[in-house]
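Each ligand, and each atom within it, is numbered from 1 in the order the structure gives.
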Amino acid sequence: MKTRSLLALTAALGLALGAGSAFAQTIKIGFITSYSGLNGNLGPYMERAVRLYMKQHEKDLPPGVKIEILVRDDTGPNPDKAKQLAQELIVRDKVNLLAGVIFTPNALAIAPLATEAKVPFIIMNAGTAVITTRSPYIARFSFTLWQSCYPLGQWAAKRFKRAYTMVSDFGPGHDCEDAFVRATKEAGGEVAGSVRVPLVNPDFAPYMQRVKDAKPNALMVFVPAGKTALAVMKNFGDLGMDKAGVKLIGPGDITTDEELPNMGEAALGVLTVHHYSAAATRPANKAFVAAWKKEYGANETPNFLSAGSWDGMDAIYYVIREQKGKLEPDRTMELLKKYKNPNSPRGPISIDPETRDIVQPEYLREVRRVGGALANVEIETLGAAVKDPWKELNKKK
Ligand code: PHB
């Protein structure tokens, strides 16, 4: 008798739980980033931000709503692999959203799939301007290279007589070069020369030597953040470019926060324009960095890829809350176009409803020693709410 009532109780409980789970909603997010290949150490900077956000904000989800993250490694700039992963996530795993992606070629390969399947795609890094025009289901929470390199060119034209440019030979490099050269010329500055280097494993030394021989006052570099940025800094230092009177400048990718401890003296005094620095003293950033260190260790630091992923998650939570856990793709996109956060770690941000691209501050920073460690110190705000200049300049009249 006893056993029987226990069984009945268990069955009733099971039923109750079963009924409960019928209302429970699991949102599946296909999260694609790089854990191997070129700069494969960057993936965890994105995933850690996603997981930290989820841990802090579980209570902000509607009752019964759960999030499942399906993590995939696209193996670096590899559009075929990225496309295959996105296809599987959409067709087999039936994800509600796609998110992540460091490299432009991968984002471009995924764009048509997002359109075809109507799966909103939250870009957390890839920064070539054109990406958001390739699918109405894309919204970007990172940056464009035009956003940093155009104001950089405007500023540098006043400060340096002649600048040389060196960029990785792919989308974001071309954008940065175009933006910097255009802004420099518009401001009456001179471009001494421009060189494009292979994306994967270039030998920077001969390119640096060529620049040194041209004797410019500044060298503007874009290469992807991570180990590529470290290699540039090492070559710049080894060739004594600084002593030869060449100032290193660029978008913040070249002094990415996580590599500063490895860059050493060569990075001191490097001037960059970017939207995010781990050293920023805004309360929202101090809280973000403190939470990061508490979760991952005192010597760990977030970088701009972490900031993009954090803000992308904030937008995802917002669309989930607004739809009470039942995501509808077109409604999700309408909501993303209205997204605003006055208090992101990088400052006030919003999505431009016309372009689905982020609007954000751009800061001039200098690498300085702060409390014994190198830091990207924000010294001036060049623009408080910068829209992608490429889209602004190419607007149909
Ligand atoms: C890109 O592929 O769009 C990309 C990669 C690394 C960066 C910036 C942009 O640091």
Side-chain angles (χ1 to χ4, degrees), residues 32-46 49 74-79 81-83 99-111 121-134 138-150 152 166-180 196-202 220-233 250-260 263 270 272-278 302-309 312 346 357-358 360 362 365 376 388 390:
I32 302 175
T33 186
S34 308
Y35 298 90
S36 60
L38 184 77
N39 298 319
N41 66 314
L42 292 177
Y45 286 90
M46 298 178 76
D74 61 18
T75 73
N78 187 346
K81 179 74 180 175
K83 190 176 173 182
V101 184
I102 296 178
F103 291 101
T104 288
N106 301 11
L108 292 175
I110 295 169
F121 177 18
I122 311 295
I123 294 200
M124 294 172 166
N125 189 71
T128 301
V130 78
I131 291 173
T132 46
T133 70
R134 294 292 176 84
I138 287 179
R140 175 156 46 195
F141 290 82
S142 48
F143 55 87
T144 72
L145 269 303
W146 272 87
Q147 272 180 325
S148 49
C149 300
Y150 191 71
L152 174 68
M166 181 188 289
V167 300
S168 292
D169 194 6
F170 77 131
H174 302 167
D175 270 13
C176 181
E177 182 192 286
D178 289 349
F180 183 85
R196 295 177 174 184
V197 303
L199 170 60
V200 182
N201 297 326
M220 195 295 298
V221 175
F222 166 79
V223 293
K227 299 301 172 192
T228 316
L230 179 61
V232 163
M233 198 62 79
D253 308 69
I254 65 166
T255 58
T256 179
D257 290 307
E258 85 287 358
E259 288 297 337
L260 284 180
M263 287 179 172
V270 173
T272 55
V273 174
H274 224 206
H275 56 280
Y276 180 74
S277 163
N303 59 14
F304 68 90
L305 296 98
S306 315
S309 306
R346 53 184 124 164
D357 238 328
I358 189 142
Q360 61 189 344
E362 290 291 336
R365 310 103 47 84
N376 286 301
D388 174 34
W390 182 75

Within the 6.0 Å centroid threshold, strictly below: Phe180 and Tyr150: no
Neighbouring residues of ligand 1, heavy-atom cut-off under 4.0 Å: Ile102, Phe103, Thr104, Asn125, Ala126, Gly127, Phe143, Phe170, Pro172, Phe222, Pro224, Ala225, Asp253, Phe304
Backbone of Gly76 reached by a side-chain donor or acceptor of Asn106 within 3.5 Å: yes
Donor-acceptor side-chain pairing of Asp175 and Thr128 below 3.5 angstrom: no
Aromatic ring pairing Phe143/Phe304, orientation class (parallel under 30°, perpendicular over 60°, tilted between): perpendicular
Electrostatic pair Asp357:Arg140 at N-O distance under 4.0 angstrom: yes
Phe121: ring pair (Phe, Tyr, Trp, His ring centres under 6.0 Å) partners, not counting sequence neighbours: none
